[in-house]
Every structure is written in structure tokens, then in C-alpha cells.
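Here the structure is laid out as C-alpha cells; the discussion comes afterwards.
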2 protein chains.
Amino acid sequence: MTVWDRPEPPTRPAPLDRERIVAAAIALADEGGLEAVSLRKVAARLDVGPMRLYQYISTKEELFDLMVDEVHAEILPEEQPGDWREVLRTHADRTRQATLRHEWLADLLGGRPTLGPNALAVTEATLAALDGLADLDTVMRAVETVSAYFTGAIRREIANLRAERATGLSKRDWQRAYGPYVSRVLATGRFPALAKVVHDGTEVDAETSFATGLDWVLDAVAAKLARPSA
Amino acid sequence: MTVWDRPEPPTRPAPLDRERIVAAAIALADEGGLEAVSLRKVAARLDVGPMRLYQYISTKEELFDLMVDEVHAEILPEEQPGDWREVLRTHADRTRQATLRHEWLADLLGGRPTLGPNALAVTEATLAALDGLADLDTVMRAVETVSAYFTGAIRREIANLRAERATGLSKRDWQRAYGPYVSRVLATGRFPALAKVVHDGTEVDAETSFATGLDWVLDAVAAKLARPSA
DNA sequence: ACTGTTGCGATACACCGTATCGGCAAAATA
DNA sequence: TATTTTGCCGATACGGTGTATCGCAACAGT
């Protein structure tokens, strides 16, 4: 018996670990959305039986938590700009960019407290940038207000993007985008203010809309940081 | 043969319609959360085969849309206070109250464009209150910024509430609430700013936190409505 | 070499959303 | 009125899901 007829040992798949599981799940979600992530498919992508995953995660929700935290590694900026305002804006922008790369993040954003190490690091960086600018309560309110804003704004942006995509790529025009339904409703005359907006409103791209709202909120925060009592 | 031995006609269940379906689904969701809503259970609650529902809705997502719109009927205030600021604040508050009554709404808020009749009525009322205070673009930005804020804030509030509930009703204390994990992480010293907040931060109840942030955002909006260019 | 232990994969269960189809009752026609 | 047509509604079925359970096989220890 020579080497040639001795069968090769089966090439072991790379050893399994949380990181590989999360990476596979994220790949799946990037391709087909959150609903395309099933434990069976994740396992299949790793050439492994589904039950194997339960040694590393105890529930599907936990996997989602890990995915969210993994993306927070992309959100944490490599080097912090100095100004508190720049820090908050950057946090918002990077979260938005990450969500545009991983649209499924919009479905998870704000859905659970984020306590993973990467998310904590992001929070830490933000808090550090605001440290000492006002009393703790004011600082907390500032951080939470800004993050409530961008969480909501990002979710809406993705929601609209999906709707446009679903109704067939029509972008500018509500009436054509959402089909005859909206036109019919507006034609009833029961929604004059809405009709005016749809008719006369100029189209603003999502990015500047996001940035403008963010600037407003940051202005508000600036005022409160200056005079915490107000 | 008398009346007495003639069998009664089988008591027809009330005729099915969208409204009854949505009501059943909402009841289910109120009791057990969104995940407790399945077409089979909704149908069972109406004494009907599951397939029957497909005459009124074409997909489960559509049912969710209907549920959201139904709740918007609770959100629309019966009579509008006059001031634009009061209108926006009321919209935010009523949305929050509705979400506290129907926690599952937090999972859906901002997830899809809301185009149902009740949601449109709410938007109409809001836009009407701001009509003429500034150019259309500024007004839109105002409405969207405020609603991005309260959407995000409500979602976070419910997320925290659920986490507290899940970790066993401990409220004030992160360390005990989220278990030894957070304490351990904070003990590493890698998150000094966070540790300071956890250690020194005073507990603020969710409602005032929500209201404070909302006031900040409204202040910002007021400034922009006054000087639209700024 | 034999035995004990432990981790892993196959199997199983209950449930899900929804496509399909067959029969029955009511409505329309002759 | 008798007959045909139509349209609705329920049963059945399919392919999927998350996860509990359990038996076996490979390894470790004596």
C-alpha cells in the first residue's frame, strides 16, 4: 500500500467558533436580509449540523445580538476627532453608513439594549468626549437624545428605501411609487396639507435630510450643554 | 313536529371582516407580544380556518400594517390644541402612550412607511398645524426630525423596559440588573466614562427623560422655524 | 485492553406561512 | 322548477422554522 491509495484524511473544516458563526450569519443577512438568517442555513454554510451551533449560542436572538455587536466594530472610529460635536456627528454618520452596508441592522437598531463589548466601546468613546462639559445628567440626556434621533432617522430611511425598491425603483414621485392608492386618497380632499406637500414639496435626498435634522438636534444639545439648567 | 324539536339553525359566528381580524390580532399581540401573533391563532380566535383570512389580507406583513394603522386611530387626538409646538408634543406623547398600551408597536414603529388612513390622518393633522410657519421644506424637516426622535426614544424605552423585566424586575441598578457581566466589564477599567455614569449617574424615570429630550428637539425646531435659513 | 465520559450528529416535535384543490351551496340560467 | 354554473371555504399538504432529546462513537483514564 502506497501513499497514493491511502486516502487523505478528511480536510477538517476550520474549527468552529463564535466569530465564524457570526460572520456566516452576517454574510447571509447581507445577501438576503434578516429573514434569510436561519440557524440551519448558518450551519449549512459552515458545513455543520444545526445543533452544533448551540454550543456557542443559546438562542437565535443571541446570535442577532452578536451580529449587532460585530457591526459596532465598524462603527467605532479608529481615531476620535476632538470636538464633542464632531464626535456625536461621527457616531451618527458611521452608524448610518454601517446600516447602509448592512441593511438588516435597521431592523435591530434600538430593539434591544446593546451591551456587547464593541457597543460598549462606542458608548465609552462618546461619553468620554462629553465628559466634564456639563453635569452627568445633562451629558446622558445629550447622548440619548442624539442617538434616539439617528436611530429613528436611519430606520425611516431604510424603510423608505425598501418601499421604493419594492414598488419598482420609482424614486421621486410618491404618486407613481405608491401606486394609485395614494393619489386616490389625496384626491378625496380630506388631506389638503398632505396633498400640498406631495404636490409642491421638493425632493431632498436622504443624506442631506439626515444631516440637516442631525444638525438641528446638535444645535439643541449645544445650547443645553452651555446652560444645563435651561 | 313542533318548534321544539326542530333544530336551531347553527348560530352563525359574526361575519368576518378585516376589522374583526385586526382586532383579534391586536388582542393576541397585547397578550403575548408580536411573536404570539400567528395567522393560525388569529383564525382560531375567530373560529375559522386559517386560510379564510387570505380573503381579507394577502400576507402576514399586511396584517401587521393594518394593526399599526388601527393603533394610529388611538394616536389621532380628538381635538387639536392650537400651538404647533403643542401639536408636535401631543403627537409624540400620544404615540408613546399608545406604545405603552401596545408594546408590540415598538417592534413595528418606523419599520415601514405608514400609509394607512389613520396614519395619514395623523400626518395631515400635524402638517396642518405647521402649515405656513415656514417654507415647505423646513416644515417637513421639522416634522421628520421630531418623529425620528420620538420613534427612536420610544423604541429604546421599550427595549429597556423589556430588559428590566427579563432580568427580574430590578430597576435602578444596572449592575444587579444586567448581572455580573456588566460589573465585570466595568471592573476591567477599559470603560472609565461609562463606569462613572453607572456609578454616579442618578436614575431618571423614562417619562421625564422622554419629555426632556423632546423639549430640546422642539427648541431646535422652534429656532429653525423662526429663521428657516439658519 | 477495558471502561467511563463527554461532545456531537441524527432524529423528532410542534409550529409556522401559505399554495392547491375538491366539494358544496347558492346563484344564475333554461 | 330543473339544471347548470359559479364562487367560496375548508381540508390537506409542503417546505420551512427553532430547539429538545437521545444514542453513539471517539477519546481519556486506569
Side-chain angles (χ1 to χ4, degrees), chain A residues 6-68 104 107-108 111-112 162 166, chain B residues 6-68 104 107-108 111-112 162 166:
Chain A
R6 179 162 50 235
E8 293 228 29
T11 56
R12 296 256 170 183
L16 204 51
D17 59 3
R18 244 188 261 242
E19 209 169 325
R20 268 168 47 79
I21 293 174
V22 172
I26 288 180
L28 239 21
D30 285 347
E31 293 163 15
L34 247 207
E35 80 205 340
V37 178
S38 83
L39 296 186
R40 292 167 136 96
K41 284 193 268 206
V42 171
R45 193 171 264 245
L46 298 168
D47 270 319
V48 148
M51 284 305 112
R52 189 74 185 282
L53 303 183
Y54 281 90
Q55 290 191 295
Y56 302 87
I57 58 170
S58 63
T59 203
K60 195 189 184 182
E61 287 245 302
E62 212 176 277
L63 176 57
F64 285 163
D65 287 348
L66 291 172
M67 292 167 67
V68 170
W104 50 268
D107 302 316
L108 266 19
R112 295 160 139 270
R162 284 173 178 161
Chain B
R6 180 162 48 234
E8 294 229 27
T11 56
R12 297 256 172 182
L16 205 51
D17 59 3
R18 244 188 262 243
E19 209 169 324
R20 267 166 47 80
I21 293 175
V22 172
I26 288 179
L28 240 20
D30 285 347
E31 293 162 16
L34 248 206
E35 81 206 341
V37 177
S38 82
L39 295 186
R40 291 167 136 98
K41 282 193 268 204
V42 171
R45 192 171 265 245
L46 298 168
D47 269 320
V48 148
M51 286 302 113
R52 188 78 185 279
L53 303 183
Y54 281 91
Q55 288 190 294
Y56 302 88
I57 57 169
S58 63
T59 204
K60 196 189 184 183
E61 287 244 302
E62 213 176 277
L63 176 58
F64 285 163
D65 288 347
L66 291 172
M67 291 166 67
V68 170
W104 49 269
D107 302 317
L108 265 18
R112 295 162 141 268
R162 285 174 177 159

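Here is the naming used below: chain letters follow the sequence lines, and residue numbers restart at 1 for every chain. As the structure is a computational prediction, the values presented were derived from the model and not from experiment.
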Whole-Å gap separating [atom2] ([N]) and [atom1] ([X]):
| X | N | atom1 | atom2 | answer |
| --- | --- | --- | --- | --- |
| A:Leu63 | D:dT19 | CG | C1' | 14 Å |
| B:Glu35 | C:dA14 | CD | C1' | 15 Å |
| B:Lys41 | C:dA14 | NZ | P | 15 Å |
| A:Tyr56 | D:dT19 | OH | P | 18 Å |
| B:Tyr54 | C:dA19 | OH | P | 7 Å |
| A:Glu62 | D:dG18 | CD | C1' | 14 Å |
| B:Glu61 | C:dC16 | CD | P | 17 Å |
| A:Phe64 | D:dT17 | CZ | C1' | 12 Å |

Closest non-hydrogen atom pair, A:Ala36 against A:Leu28:
O-CG, 3.9 Å
[X] side-chain N/O to [N] phosphate OP1/OP2 under 4.0 Å:
| X | N | result |
| --- | --- | --- |
| B:Gln55 | D:dC9 | yes |
| B:Arg52 | D:dG10 | yes |
| B:Ser38 | C:dC15 | no |

Could you tell me whether A:Arg45 and A:Glu31 make a salt bridge, using a distance below 4.0 angstrom between a side-chain N and a carboxylate O?
yes
Member of B:Ile57, B:Asp107, B:Val22, B:Val37 meeting the side-chain contact (heavy atoms from CB on, under 4.5 Å) criterion with B:Phe64
B:Val37
For A:Gly49 and A:Arg40, take the nucleotide of DNA chain C holding the closest heavy atom to each; which residue's nucleotide lies nearer the 5' end?
A:Gly49
Would you say CD of A:Glu62 has more than 12 non-hydrogen atoms from neighbouring residues, nucleotides or ligands within 6.0 angstrom?
yes
To the side chain of B:Met51, which of C:dC16, D:dA11, D:dA20 is closest?
D:dA11
